[in-house]
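Position 1 is the first residue of the sequence, and the numbers go up from there.
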Amino acid sequence: MSTDRIEKEVLLKAPLDRVWRAIGNSEEFGRWFGVRFDGPFVAGESVNGVMTPTEVDEEVAGMQEPYAGEADAWHIVAVEPPHRLAFR
């Protein structure tokens, strides 16, 4: 296993052409993944980036499914078993 990089796998719920457009454009890629690069992506060249807040992409946000779980349900389990609290 190489230790000279950080790798992360992400499932993007976006049309394929939209993903390819973001991969090829450093500004668009940075908006998706929260990075500001010091230049464009150029094959064979390095680029430096600084982490930044991500932005909501309206096209991708519109494809999201509503949350199907319980709203505002908290279950807190204490370290000692007989103490269980539930908040709604």
Side-chain angles (χ1 to χ4, degrees):
M1 177 179 193
S2 176
T3 59
D4 68 343
R5 67 191 71 215
I6 297 172
E7 296 181 15
K8 180 178 179 179
E9 187 173 318
V10 177
L11 174 63
L12 301 172
K13 294 184 178 183
L16 189 56
D17 64 325
R18 177 80 171 86
V19 174
W20 279 112
R21 203 167 54 241
I23 289 173
N25 181 300
S26 63
E27 288 182 23
E28 196 162 345
F29 184 92
R31 280 194 301 273
W32 271 22
F33 294 101
V35 182
R36 184 180 65 246
F37 294 102
D38 63 355
F41 293 153
V42 178
E45 293 189 18
S46 296
V47 64
N48 293 312
V50 176
M51 296 179 83
T52 63
T54 56
E55 296 178 17
V56 174
D57 184 295
E58 294 302 323
E59 183 179 351
V60 175
M63 298 174 67
Q64 300 303 305
E65 299 282 330
Y67 178 65
E70 290 183 39
D72 300 318
W74 290 64
H75 296 278
I76 300 171
V77 179
V79 176
E80 297 176 5
H83 304 14
R84 183 179 185 99
L85 306 171
F87 297 95
R88 292 210 189 268

> Residues two or more places apart in sequence or in another chain: which of them pass ring pair (Phe, Tyr, Trp, His ring centres under 6.0 Å) with Phe33?
Replying inline: Phe29
>> Counting only heavy atoms not in Arg36 (residues, nucleotides, ligands), do more than 12 fall under 6.0 Å from its CZ?
In response: no
>> If I compare all heavy atoms of Gly39 with all of Ser26, which pair ends up nearest, and what's the gap?
In response: O-OG, 3.1 Å
> If you look at every heavy atom in Val35 and Gly49, which pair is closest and at what distance?
Replying inline: CG1-CA, 3.8 Å
> Who pairs with Glu27 by side-chain hydrogen bond (donor to acceptor under 3.5 Å, both in side chains), at least two apart in sequence or on another chain?
Replying inline: none
>> Using the rule that Ile, Leu, Val, Met, Phe, Trp and Tyr join whenever any side-chain heavy atoms are under 4.5 Å apart, tell me whether Ile23 and Leu16 fall into a single cluster.
In response: yes
> Hey, does Ser46 have a side-chain heavy atom less than 4.5 Å from the side chain of Asn48?
Replying inline: no
> From Asn25 CG over to Trp32 CH2, what is the distance, rounded to the nearest 0.5 angstrom?
Replying inline: 11.5 Å
